[in-house]
Trainee: 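Take a look at this one; I'll ask things after.
When a ligand or atom number is given, it counts from 1 through the structure's own listing order. Note that this is a predicted model, so its numbers are computed, not measured.
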Amino acid sequence: MNILVLGGGGREHALAWAIKQNPKCDRLIVAPGNPGIAAIAECADLDILDRASVVTFCEENAIDFVVIGPEAPLAAGVADATRGAGILTFGPSAAAARIEASKAFTKELCAACGAPTARHARFTEAAPARAYIREQGAPIVVKADGLAAGKGVVVAETVDQALAAVDDMLGGAFGAAGAEVVIEEFMAGEEASFFVLTDGTTCLAIGTAQDHKRVGEGDTGPNTGGMGAYSPAPVLTEAIAAQALARIVQPCVDELARRGTPYQGVIYAGLMIADGEARLVEFNARFGDPEAQVLMMRLGAQALDLMLACAEGRLADAQVSWAEDHALCVVLAARGYPGTPETGSAIGGLDALPEDSRHMVFHAGTASRDGRLVAAGGRVLGVTARGDSLAEARARAYGLVDRIDWPGGFCRRDIGWRAL
Ligand code: AMP
Ligand code: GLY
């Protein structure tokens, strides 16, 4: 079949890498893709936020299956458009993708089905928000309601920090995304990510991961999109995963279906785990980045079969087969990230690295310039390896990192420390 993947980051490189291994895939196109993806698929220049352009592209290229990587096209209703045009699609409708696009929506959904999450209140005016913060005290969490590229959350250690965050958000720092704020109880515990496919009715857990959001070693410094990840997440034991599925994910999926907006695609549940109980931090309507890199490394070719079963409403008959393996991804970022990254520096040494089912360098922010590979974004490479143990996966991943010649980049040397 002819398959189109939308997106051009490390997540989409990992998705394309897994899909490509499946013999069902004849032609693979990724839009816009990146130089790493170009080595395994055709890259197409396409405005992936424009519904009509995506549909026309699919028709012109006889696309049988569309896989939507990032949240922006989901929120823009691209899945509605492709599905409406009769094209098999992996990814939720705009209405269902609100589980990521609106934090207030998700809070209300959890309340409707009794899914455990932090206590919260919503505000569009500063004065009552400030009064609420004073009444609750710190630590407390302030969130912009809408999509803010991962930057709309302030975990405030003091009341003053929380008040400043409210003023910022309601003052327009995040534009429309911050017109409403959600203020919630600080949850202590260990965070982990839980990935579940659903066709709207059946839910199938496909893996767990943990990422490192802070830029600095020991989980210090500013937040990033993720400096590394590993799978599985030891804190998400089978029992806790089963509990999270039964108490959080399935009830929300059922509630969305009951409302006439069934969810179809992957649900990425960010969980806080304490005292053997999981509570929901947030939902995402897509795979994580770099969580997809470790999940795809472990799933391999079956990822396509699972996504197809999801899109065709056949998940009740689908199964995941797990090897007892581990994967770990180290992100190499351009100096300056997560502030203003220094782009344009040359990256060498990749050609000599192994690329197989245990070693893979996924490209994120790279570009080709005059025949050379250069940095073109903040997070640039996702160096990923698999092993029989997490320690082995980690040793392999850093073994690859050390052979990359890129003075303009940096990485954390402690990915996986919590689990090891
Ligand atoms: P979110 O974008 O909602 O995932 O929030 C970003 C990060 O903020 C999460 O990954 C958590 O580390 C932290 N966070 C969000 N909400 C809470 C909460 N209620 N309690 C503690 N930490 C939180
Ligand atoms: N790594 C976090 C995310 O993809 O949202």
Side-chain angles (χ1 to χ4, degrees), residues 7 9-12 14-15 69-72 74 97 99-107 110 115-121 133 136 138-157 161-162 165 169 174 177-178 181-195 208-215 219-231 233 235 266-274 278-296 329-331 333 337-338 362 364 378-379 382 384 412 415 418:
R11 165 182 47 216
E12 289 76 25
L15 287 167
E71 62 274 26
L74 296 170
I99 64 163
E100 172 163 4
S102 167
K103 299 199 189 286
F105 175 80
T106 293
K107 284 297 191 185
C110 287
T117 182
R119 218 175 40 250
H120 80 290
I133 288 168
Q136 297 289 318
I140 192 161
V141 183
V142 182
K143 302 184 175 186
D145 174 57
L147 292 176
K151 297 189 177 110
V153 175
V154 173
V155 179
E157 275 152 39
Q161 280 171 6
M169 289 178 195
F174 298 105
V181 295
V182 173
I183 301 182
E184 63 180 46
E185 168 200 359
F186 172 80
M187 296 187 283
E190 191 169 346
E191 269 187 278
S193 307
F194 185 36
F195 295 87
T208 65
Q210 270 174 301
D211 78 341
H212 293 265
K213 289 207 169 71
R214 305 296 193 101
V215 74
D219 294 326
T220 54
N223 262 317
T224 69
M227 292 300 292
Y230 50 94
S231 172
V235 61
V266 62
I267 292 187
Y268 157 2
L271 304 175
M272 190 67 81
I273 295 145
R279 289 202 285 167
L280 183 71
V281 178
E282 60 157 358
F283 279 137
N284 294 302
R286 52 175 174 81
F287 284 107
D289 187 342
E291 290 88 337
Q293 287 82 321
V294 287
L295 284 177
M296 291 304 132
C329 173
V330 179
V331 168
Y337 180 77
F362 295 113
R379 293 188 295 165
T384 311
R412 279 179 59 167
I415 300 305
R418 228 179 260 281

Trainee: Determine, considering heavy atoms only, which of R214, R279, K143, E282 sits nearest to atom 16 (N) of ligand 1.
Mentor: K143
Trainee: Can an N or O of R286 be found at a distance shorter than 3.5 Å from an N or O of ligand 2?
Mentor: yes
Trainee: Please name the pair of heavy atoms, one in F362 and one in G10, separated by the smallest distance, quoted to 0.1 Å.
Mentor: CB-O, 4.2 Å
Trainee: Please work out whether any backbone atom (N, CA, C, O) or any side-chain heavy atom from C-beta onward of M187 is under 4.0 Å from ligand 1, and answer side chain, backbone, both or neither.
Mentor: both
Trainee: Less than 4.5 Å apart, any side-chain heavy atom of R286 and any of P70?
Mentor: no
Trainee: Can you find a pair of side-chain heavy atoms, one from N223 and one from R214, that are under 4.5 Å apart?
Mentor: yes
Trainee: What are the atoms of ligand 2, with element, lying closer than 4.0 Å to any heavy atom of G288?
Mentor: 4 (O)
Trainee: When only distance counts, is G225 in polar contact with ligand 2, meaning an N/O pair under 3.5 Å?
Mentor: yes
Trainee: Is it true that Y268 lies under 4.0 Å from ligand 2, counting heavy atoms only?
Mentor: yes
Trainee: Evaluate side chain to side chain donor-acceptor pair (under 3.5 Å) for E190 paired with Q210, printing each intermediate quantity in order.
Mentor: CA-CA 10 Å; E190 191 169 346; Q210 270 174 301; 2.9 Å; yes
Trainee: Using a 4.0 Å heavy-atom threshold (strictly under), name the region of V155 that reaches ligand 1: side chain, backbone, both or neither.
Mentor: side chain
Trainee: Applying a 4.0 Å heavy-atom criterion (strictly less than), which segment of E191 is in contact with ligand 1: side chain, backbone, both, or neither?
Mentor: side chain
Trainee: Hey, which atoms in ligand 2 end up nearer than 4.0 Å to a heavy atom of D211?
Mentor: 1 (N), 2 (C)
Trainee: Which bit of E291 is near ligand 2, meaning a heavy atom under 4.0 Å away: side chain, backbone, both or neither?
Mentor: side chain
Trainee: Which heavy atom in C329 sits nearest to a heavy atom in P290, and how many Å separate them?
Mentor: SG-CB, 3.9 Å
Trainee: For the pair K107 and T117, evaluate side chain to side chain donor-acceptor pair (under 3.5 Å) and give the outcome as yes or no after the intermediate values.
Mentor: CA-CA 8 Å; K107 284 297 191 185; T117 182; 2.8 Å; yes
